[in-house]
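Here's the structure, in structure tokens; my notes come after.
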Protein chains: 2
Amino acid sequence: MTEIERFLEDKKVRPTAMRILVYKYMAKRQISVALSDIENAFTKAERTTLYRTLKTFEENGIVHQIDDGTGITKYALCEIGCNCEIEQDLHLHFHCNNCQETVCLTAHKIPHINLPEGYLAKDVNLVVKGLCKNCSN
Amino acid sequence: MTEIERFLEDKKVRPTAMRILVYKYMAKRQISVALSDIENAFTKAERTTLYRTLKTFEENGIVHQIDDGTGITKYALCEIGCNCEIEQDLHLHFHCNNCQETVCLTAHKIPHINLPEGYLAKDVNLVVKGLCKNCSN
DNA sequence: TAATAAATGCACTTCCCTTGCATTAAATAA
DNA sequence: TTATTTAATGCAAGGGAAGTGCATTTATTA
């Protein structure tokens, strides 16, 4: 049993061939991926299967969704200590207007936001857009 | 000529009947609206016309889009001093998980975000989700 | 090996955004 | 005022992504 298989089982996800492939793909690409990215990477895979794979991963704390404002749902592997399951996932995301890629800036926590009287915060989403490291030169 | 007509002309937008109605509707509702909201409010209006009305408004600095993470584009009237045309629109938005409404918290500016070396910020989108004033009791 | 449960594949639906094009209305020129 | 041009509207259709139902295949466990 490989390390990935062990990891998936640990997360209560049955390590099927497809799931292992998807996991490997996401691990290899450091950035967040869209469903269509994976679809293009594995041409013979069914979109629905991939869709449900990501859903399963999400439900079991393996990936989290990112809304980067492009209108397309992105997914990123949870890193160690990722708190996405519990209420607030406070790291911010950066979307590059040039290469269209979105990265989790895990180390950058979202500062505390003061809200007007009566407002109750449950979740915060912060997306910065601009040029990434590779595109800003 | 009414005040609204004068305002629209000032923004280089021809004050047609439809546009005046849409403007009034948005001014009456303090929250941001989706295309479908307006569609429902004026049953006899064409969806495309409303869509293009909002687009025209946006291009001329009358409204700005809000991405509140629901996947549905919202629009809000620009207030005096709204900087949405120039690069950064730095106020934050609040989306209520209960009543599904999104408001601009114009007075609440987004704090400065420190990015890693090499990253260049052009735009920032901050959405807080939770319970609004009316729903938190 | 049989029975059960989970994962996959295919077809189809829905929702929202967007565009093309003909038609109607308004603005400007003659 | 009428003719010409330009802008706005209405209708139809397209496209992309998310999501669901159900039959089939694969894996698990009794």
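Residue numbers begin at 1 in each chain, while the letters A, B, ... track the order of the sequences.
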(message) Taking the minimum atom-to-atom distance to the side chain of B/Tyr51, which one of D/dA7, C/dC17, C/dT8 wins?
(response) C/dC17
(request) Answer yes or no: is there a side-chain heavy-atom contact under 4.5 Å between B/Glu58 and B/Gln65? (result) yes
(request) Using a strict 4.0 Å threshold on nitrogen-to-oxygen distance, state whether A/Glu101 and A/Arg29 make a salt bridge. (result) yes
(message) Using whole Å, what does the distance between atom C1' of nucleotide C/dA5 and atom NZ of A/Lys12 come to?
(response) 17 Å
(message) Without decimals, in angstroms, what is the distance between A/Asp67 CG and D/dA17 P?
(response) 15 Å
(request) Considering just the side-chain nitrogens and oxygens of A/Lys74, establish if one lies under 4.0 Å of OP1 or OP2 belonging to D/dA17. (result) no
(request) Respond yes when some side-chain nitrogen or oxygen of A/Arg19 is under 4.0 Å from OP1 or OP2 of C/dA7, and no when none is. (result) yes
(message) Are more than 12 heavy atoms, taken from residues, nucleotides or ligands other than B/Lys109, located less than 6.0 Å from that residue's NZ atom?
(response) yes
(request) Report the relative orientation of the aromatic rings in B/Phe42 and B/Tyr25; use parallel for angles under 30°, tilted for 30 to 60°, perpendicular for over 60°. (result) perpendicular
(message) Taking the nucleotide of DNA chain D with the nearest heavy atom to each, does B/Ala45 or A/Tyr75 sit closer to the 5' end?
(response) B/Ala45
(message) Taking the minimum atom-to-atom distance to the side chain of A/Arg47, which one of D/dC11, D/dA8, D/dG19 wins?
(response) D/dG19
(message) For B/Arg14 and B/Leu35, find the nucleotide of DNA chain C closest to each by heavy atoms; which residue's nucleotide sits nearer the 5' end?
(response) B/Leu35
(request) Calculate the interatomic distance between B/Glu9 atom CD and C/dA26 atom P; express it in whole Å. (result) 14 Å
(message) Base, sugar-phosphate or nothing for A/Ser36? Non-hydrogen atoms, less than 4.0 Å.
(response) nothing
(request) Report yes if at least one side-chain N or O of A/Thr48 is closer than 4.0 Å to OP1 or OP2 of C/dC10; otherwise report no. (result) no
(message) Distance check needed: D/dG10 C1' versus B/Leu50 CG, whole Å only.
(response) 11 Å
(request) Round to the nearest Å and state the distance from B/Phe57 atom CZ to D/dA8 atom P. (result) 11 Å
(request) Quickly work out the A/Asn40 CG to D/dA17 P distance and round it to whole Å. (result) 10 Å
(request) Compare the minimum distances between each of C/dT19, D/dT9, D/dT20 and the side chain of B/Lys55, then state the nucleotide with the smallest one. (result) C/dT19
(message) Between A/Ala17 and B/Ile72, which residue's closest nucleotide on DNA chain C lies nearer the 5′ terminus?
(response) A/Ala17
(request) For A/Thr56, answer base if it contacts any base atom (sugar-phosphate contacts may also be present), sugar-phosphate if it contacts only those atoms, and nothing otherwise; contact means non-hydrogen atoms under 4.0 Å. (result) nothing
(request) Mind checking A/Arg52 for me? I need base, sugar-phosphate or nothing, with any heavy atom below 4.0 Å counting as a touch. (result) base
(message) Can you measure B/Glu5 atom CD to C/dA26 atom C1' for me and round it to whole angstrom units?
(response) 14 Å
(request) Starting from C1' on D/dT9, measure out to CD1 on B/Ile20 and report it in whole angstrom. (result) 15 Å
(message) Counting only side-chain nitrogens and oxygens, does B/Thr16 get under 4.0 Å of the OP1 or OP2 atom of D/dA8?
(response) no
(message) B/Lys74 and salt bridge (Lys or Arg N to Asp or Glu O under 4.0 Å): which single residue from B/Asp37, B/Asp67, B/Asp68 fits?
(response) B/Asp68
(message) Ring centroids only, cut at 6.0 angstrom: are B/Tyr75 and B/Phe57 within range, meaning strictly under it?
(response) no
